[in-house]
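Just below is one structure, and these are the notes that go with it.
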Amino acid sequence: MSEVVSCETQIRVRYAETDRMGLLHHANYAVYFEIGRTELLRARGETYRDVEDAGFFLVIVDLECKFRQPARYDDLLTLKTSVARVTHVKIVHEYKLMRDGVLLAEGRTTLACVDRDGKPQALPERLR
């Protein structure tokens, strides 16, 4: 697997993701972060399906988001996703959501590796 530790993903804000004011609803930032993680894993030559089929499940144990400026309907956003830290059982990702070079939000998630029964297990070597 590749040693890719960051990637950028383009996301266009869809109407269904906005609130009555036409702003990206706060709940969708977590969804966008998941898109970033999925695309980063794909850039490394893996998919979540591959990882889960091998018996490794990544669950969010912590999620943070700082909102700087709102995103609006039809904005074309760039999400930069990076691996900030990897431990024996956890992966920490950091996110920067931008529009035309302006930081709109930044976040961080911590994922823990568990087995099919939800018990912590070591990350497979290919995810370290």
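Throughout, numbering of the chain's residues begins at 1 and tracks the sequence.
- Put simply, CZ on R99 and CZ on R72 are 6.5 Å apart, with the number rounded to the nearest 0.5 Å.
- Between the side chains of Y95 and R37, a donor-acceptor pair is found at a separation under 3.5 Å.
- Rounded to the nearest 0.5 angstrom, Y73 OH and T18 OG1 are separated by 8.0 Å.
- Between the side chain of D19 and the main chain of M21, a donor-acceptor pair closer than 3.5 Å is present.
- Without hydrogens or angle criteria, E52 side chain to R49 main chain gives no donor-acceptor distance under 3.5 Å.
- The line from CZ of R68 to CG of L97 is 12.5 Å long, rounded to the nearest 0.5 Å.
- Between the side chain of N28 and the main chain of V31, no donor-acceptor pair closer than 3.5 Å is present.
- In the model, T81 has no side-chain atom that pairs as donor or acceptor with a side-chain atom of E39 under 3.5 Å.
- Proximity of a side-chain donor or acceptor of Q121 to a complementary backbone N or O of G55 within less than 3.5 Å is detected.
- Heavy atoms only, all atoms of each residue included: R116 and D53 are closest at NH2-O, 3.6 Å.
- Remark: Y48 pairs with no residue by the ring-ring contact (aromatic ring centres under 6.0 Å, His included) rule, at least two apart or across chains.
- With hydrogens and angles ignored, the 3.5 Å screen pairs no side-chain donor or acceptor of D117 with any backbone N or O of K119.
- Cluster partners of V61 are F57, V59, V114, counting Ile, Leu, Val, Met, Phe, Trp and Tyr whose side-chain heavy atoms approach within less than 4.5 Å, directly or via other members.
- Using cut-offs of 30° and 60° for the angle between ring planes, the F67 and Y29 rings count as perpendicular.
- The existence of a salt bridge linking K66 and E106 is excluded, since no basic side-chain nitrogen approaches an acidic carboxylate oxygen closer than 4.0 Å.
- Remark: H93 NE2 to R85 CZ distance equals 12.5 Å, nearest 0.5 Å.
- Qualifying salt bridge (charged side-chain N to carboxylate O under 4.0 Å, His left out) partners for R12, counting only residues two or more places apart in sequence or in other chains: D74.
- Looking only at distances, no side-chain donor or acceptor of R42 sits under 3.5 Å from a matching main-chain atom of T47.
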Practice prompt. Please test E8 against K80 for salt bridge (charged side-chain N to carboxylate O under 4.0 Å, His left out), starting from the C-alpha separation and ending with a verdict.
Written response: CA-CA 4 Å; E8 290 189 356; K80 181 174 183 183; 5.4 Å; no
